[in-house]
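Here's the structure we're looking at; comments come further down.
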Amino acid sequence: MFGNENKFREKTMTIWNLFNLMGGLALFIFGMNQMSDGLKLAAGSYLKNILETLTKNQFVAVLVGAGLTALIQSSNAMCVMVVGFVGAGMMQLERSVGILMGAKIGTTITGQLIAFNISEIAPVIAFAGVAIIMIFKKPTIKNAGNIITSLGVLFIGLGMMSTAMKPLAGEEWFQEILTGVSNPILGVLVGIVFTVIIQSASASVGVLQMMALNSVIGFSQGFYIMMGMNIGASVAPALASIGGRKDAKRVALIVVIFESIGMVLFLAITQVFPQILDWIAATSPDNPSRQIANANSIFNIVTVLVLLPCSKYLVRLAHFIIRGDDMEEEGDTLLFIDVNNYQTGTVLLGQIDSEVGRMQQLASTNLEAATKVFYEKDVLPGDKFARNESTLDFLNKEITNALTMTNTMNLSVNEARHAGHLYHIVNDFERIGDHAENMRGYAMAMQENKQKFTGKALKDLKQLSISVYNIFDLACEYFYSPDAETYQVIYDMEEDIDDMVAKMRNSNIKRINKSKCGATEGLYFTEILVDLERIGDHSMNIAKSVRKFPVKKREEVQLPEAETEEV
């Protein structure tokens, strides 16, 4: 009777151990993801700025990749960001390799942190984080509280896993499973599958460290599983590249190639020189968890040292496997925003910026074409002009939808402010396109009816058009680099345009009264003045959408009277 009761109790304890293991794993992964999100939020757009500016030298790029990944505690997130930036045309493929390699080193810091095994004080850490969240209202301090809370939850999960794993070491059925994965290649496959399921190399290696700490798995087995976990981590950037540009796919492929070469290298070396495993284990003989962490660091550091000098060949191999260039599709399509695979807010904003850059270029092209057609040869075919206008309307809608999506993501204060500014300027670009379309329509109507402006009207139109080109270009430049001096210049330019329009309108009326031009031509000229003035206003709006600086308002300016005689 008592024997049956003991068997039932042992069976029940095994089930509860499994439940505790699952719960601990859930808390561990949740804590790690929350901590990574909090750290990314704290870093904010600095990540993008650093990645864009400090990656010219490959060695520096490795250090930057390692440092940033250690900061945000996620190589997956860093690799996915790089995929997004390369896909958006914000970073060259060649410059991304060093970052990707550095990310693999930076992610090993998580394992070193886990090896300290501070599970006993984890509840205190979590409590301190929650207290900060409840007491303080400032977003940056609350975010710090979230990070601290997540760290505590992470180690609470590790403690639960450690307690649940202890009985597994004596279970025959589990030992039989471990015997089955004693083959190095099978161990690598197990690591790959496990990480593909969890979607985090750091979390997978953390689980492995807890297994080693509780003597559930030996170091030799753990080493090969760890290598597989590193390869499994390359699935995330591969998924992020689906549907993206070819260079984005090449980034993901380079990650896979890097990890695979490292695995094959260590697999071969450890089979020829098995004592290498003993040397690695000897780096921390009394701490099995630290042994796995050190093995992970050594694996990634050595792989980087071997492959960094060959980085250009990795790029060539990626180009050989994924051949050709992206076809720059014209018309209503997104070139940079991946609508099927939204990633972090930082990446999505970078992609949006690239699409906004397209809008700026299209609006500028149509603006010049719509005005130069009056005093130069037609610089843009009508069908091309119409496609540009259609694309402007399409991008206005799609970019707005993408900006709405950023509201559901964790954005830093600066990123959220930038997203708000973008809402305004995409509408201004679309409206500038509409005014250009109006002017193009007037030109086509005049050509059809064989009507022309007078020489003086064309001179005024050219002068005003150049002023509008200048304010538009300067406003777009100012949007990304605002300063008080430039804002004052834009403000004065807009005032000048208003004054020019007023005087040109008076000159136009005088020409009509003196029968130097027909009423229809005069009406067209007036409408064009309105469109150009509105474009100046929209350019001013672009500048105002970022930041308004104090301006020195001038007194009523008396410009020279416009000539009334034809030139």
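These numbers come from the heavy atoms of this one structure, side chains and all, not from hydrogens, waters or symmetry mates.
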Taking the side chain from [X] and the backbone from [Y], do they hold a donor-acceptor pair closer than 3.5 Å?
X	Y	answer
Glu355	Leu395	no
Gln221	Gly187	no
Gln351	Ile337	no

Qualifying residues under side chain to side chain contact (heavy atoms under 4.5 Å, CB included), relative to Ala295, sequence neighbours excluded: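 Partners of Ala295 by the side chain to side chain contact (heavy atoms under 4.5 Å, CB included) criterion, ordered by chain and then number, come out as Phe219, Phe223, Met226, Ile280.
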Side-chain heavy atoms of Ile132 within contact of Thr149, under 4.5 Å: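 The answer is no; the side chains never approach within 4.5 Å.
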Can you tell me if [X] has over 12 outside heavy atoms packed within less than 6.0 Å of its [atom1]?
X	atom1	result
Tyr423	OH	yes
Ile185	CD1	no
Phe30	CZ	no
Tyr480	OH	yes

Please name the pair of heavy atoms, one in [X] and one in [Y], separated by the smallest distance, quoted to 0.1 Å.
X	Y	value
Val256	Ser234	CG2-OG, 3.5 Å
Val251	Ser96	CG2-OG, 3.9 Å
Ile425	Val356	CD1-CG1, 3.7 Å

Will you find, in the side chains of Asn300 and Thr108, an N or O donor that is under 3.5 Å from an N or O acceptor?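 Result is no, nothing qualifies.
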